[in-house]
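Following: one structure in structure tokens, then a few remarks.
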Amino acid sequence: MQSLKDFLYTIADDNLILGHRNSEWTGLGPVLEEDIAFSSMAQDKVGLAYQLYQLLHTDMGEGHPDKVAFNRTETQFKCCHLVEYPIGEYDFSLVRHFLFDHAAFARFDMLTKSAYPALAQLSVKVRGELKYHVLHADTWMKKLGKGTEESKARMQTALNEAFPLAMGIFEPVDMEQELIQHGYFEGEAVLKERWLASIAPVIEAAGLKLPEIVHDKTSYGGRKGYHTEYLAPLLKEMTEVFSIDPEAEW
Amino acid sequence: MYGGGYIHQEESTKKQPEAVVEDPAKLAEFQARIDRGEKIEPHDWMPTMYRKQLIRMIEQHAHSEIIGSLPEGTWITRAPNFKRKMALIAKVQDEIGHGHLLYTACETLGKPREQMINDLLSGKSKYSNVFNYPAVTWADVTVIGFLIDAAAIVNQLANSKGSYGPYCRALERICAEEAFHLKQGHDAFVFLATGTQQQRDMLQAAVNRWYKPIIHFFGPSDKESVHSEQLMRWKVKMASNDDMRNQFFDMYVPKVREVGIDFPDPNLKKDPETGKWSFSDPDWDEFYEVIKGNGPCNAERLAVRKWAEETGLWVRQALATPYTKTTVPLA
């Protein structure tokens, strides 16, 4: 079923690319503890991408995860724009992590009830991991939202920048209706409502303001292969060694 | 990884203060405790020199972990498949964790983490020279992961039997993790060594690049090392530079050669009678030049670290406010 394939690719690609971005913090965090935290989350995300590509490989005849991740062109990726952005400074990375992981938690919580058993099973494990990612994000949102004048201003600015991009997380795949009918997934619109309900109280507790959504489709396109200028260089870097000899074993 | 066998000590040009005269009875009791194999704990009495040397040693070890994450860290985003990517993130993360653990161990001796990091950035405090060399290709990452980690394990295993409790406990944990690093490094090394001609060439070129830094890693010959004797009596230093280097060659020359790779030194030979390895002069002048800050990557490494400190300053400042200092249980 094409829509299910597309759906799994969107989640896997989001996680691969954000995991890749998070891993860039290894060695550069504002405190050692955050280096370590971002590396952990990077491992969970890259690991999750691998497991989803593996499902696509074994259940749906798609290529081997390594080939799929390292040997596709930019337009074949289905990730959303939010995950493609460079890590920027810690404020942007943290807010992105907050917005993305709340959505991811809500998504995998939903998927534990998916009619696709292998996905439901995987989701139970993933939801357990994401619980900690969300706790981490919430803690830091509150700490920095209520820290100094500078940290508060930075967090609000980062939120204003990242929030419109986060709308792209909820860009549905083609024929989403099929997924809903089969009970695989409740749909991006329902997910987005749950997401808003879960981030709003944290943003309020952090003393920050939820930006208004003027137009919620401005950051759409990722699911159809239209990407920001940041994805191509990321892929070039990611595949630099692999491309020396794609047939070799590394 | 990553504590080099060599603990650098600046030759002081300042007028030395009067040496601290320790109470001979306390000193004798201290030595007796160490001889009995007891561990010294943070609140115990210890000679001033012992404390000073340990701070120097643990601090340099911690810095080495943190700076050591940089040459490999830049390859995380380029690792060639899922397995390598996951392993490398986890591995470099471990190194940062080791740095964290060691800073904490060192704080028990009275020097705060901030001060240690400031000393690193100002160049006052050193780290292992080996990280002032560049990781040019993916093969360099496998050589670091296999051989530099192996060299570090030789050193750290020895030191984990030392006399200062917090340092030993940190090292025991570190060594357990390092054992996995060595496995992943060896695995990646073997894949290249048994891969295509191009992969083998990459690997041999990387081994050639790292040979000298590996010899330097254990520090100059025992004949050149000052203060060794007292430090060994106090079980601060547990094995001599030459002994550790020899042990490394014993264990790893065969492992490198068995996959058809070799070190670029025709004079690297073991004397079957003495069991000692001999090797060509590795240019100790270069070693001292790199310590002074004139290695290929000294400036770059510190610049990256400074970037991290400066761009993260606002976060640390925000953490220091009364609101953020209170801890609320997470779950």
Is it the case that over 12 heavy atoms from other parts of the model lie below 6.0 angstrom from the [atom1] atom of [X]?
| X | atom1 | result |
| --- | --- | --- |
| B:Gln197 | CD | yes |
| B:Lys255 | NZ | no |
| B:Gln115 | CD | yes |
| A:Gln76 | CD | yes |

Can you name the nearest heavy-atom pair linking [X] to [Y], along with the distance?
| X | Y | answer |
| --- | --- | --- |
| A:Thr148 | B:Ala318 | CG2-CA, 3.8 Å |
| A:Gly27 | B:Ile96 | CA-CD1, 3.6 Å |
| A:Gly29 | B:Arg305 | O-NH2, 4.1 Å |
| B:Gln93 | A:Ile36 | NE2-O, 2.8 Å |

Can you tell me how far [atom2] of [Y] sits from [atom1] of [X], rounded to the nearest 0.5 angstrom?
| X | Y | atom1 | atom2 | answer |
| --- | --- | --- | --- | --- |
| B:Thr321 | A:Glu149 | OG1 | CD | 12.0 Å |
| B:His100 | A:Glu33 | NE2 | CD | 3.5 Å |
| A:Ser39 | B:Ile76 | OG | CD1 | 6.0 Å |
| B:Asp94 | A:Thr26 | CG | OG1 | 11.0 Å |
| B:Lys85 | A:Leu16 | NZ | CG | 6.5 Å |

Can you say whether [X] sits under 4.5 Å from chain B via the side chain, the backbone, both, or neither, judging by heavy atoms?
| X | result |
| --- | --- |
| A:Asp91 | both |
| A:Tyr53 | side chain |
| A:Asp66 | both |
| A:Glu89 | side chain |
| A:Arg154 | side chain |
| A:Glu249 | both |
| A:Thr239 | neither |

- Message: With chain A as the partner, which of B:Thr137, B:Ile89, B:Thr77 has the greatest number of non-hydrogen pairs under 4.5 Å?
- Response: B:Thr77
- Task: Select, from B:Arg316, B:Gln199, B:Glu310, the one with the greatest count of heavy-atom pairs under 4.5 Å involving chain A.
- Result: B:Gln199
- Message: Does any part of the side chain of A:Leu32, heavy atoms only, come nearer than 4.5 Å to the side chain of B:Ile66, both counted from C-beta?
- Response: yes
- Short N-O contact, B:Arg78 and A:Glu24, less than 4.0 angstrom: no
- Greatest number of non-hydrogen atom pairs under 4.5 angstrom with chain B, of A:Trp140, A:Tyr50, A:Phe242, falls to A:Tyr50
- Message: Quick check on the interface: out of A:Leu234, A:Asp35, A:Leu94, who has the most heavy-atom pairs with chain B under 4.5 Å?
- Response: A:Asp35
- Task: Identify which part of B:Thr196 has an atom lying under 4.5 Å from any heavy atom of chain A, answering side chain, backbone, both or neither.
- Result: side chain
- Message: Between B:Ala188 and chain A, with a heavy-atom cut-off of 4.5 Å, which part of the residue counts as in contact: side chain, backbone, both or neither?
- Response: neither
- Message: For B:Phe82 and A:Phe70, take the angle between the two ring planes, folded into 0 to 90°, and tell me which bin it lands in: parallel under 30, tilted 30 to 60, perpendicular over 60.
- Response: perpendicular
- Hey, can you tell me if A:Tyr90 and B:Trp314 have their rings parallel, tilted or perpendicular (30° and 60° cut-offs)? tilted
- Task: Could you walk me through whether B:Trp138 and A:Trp250 pass side-chain contact (heavy atoms from CB on, under 4.5 Å), step by step?
- Result: CA-CA 10 Å; B:Trp138 172 252; A:Trp250 295 92; 3.9 Å; yes
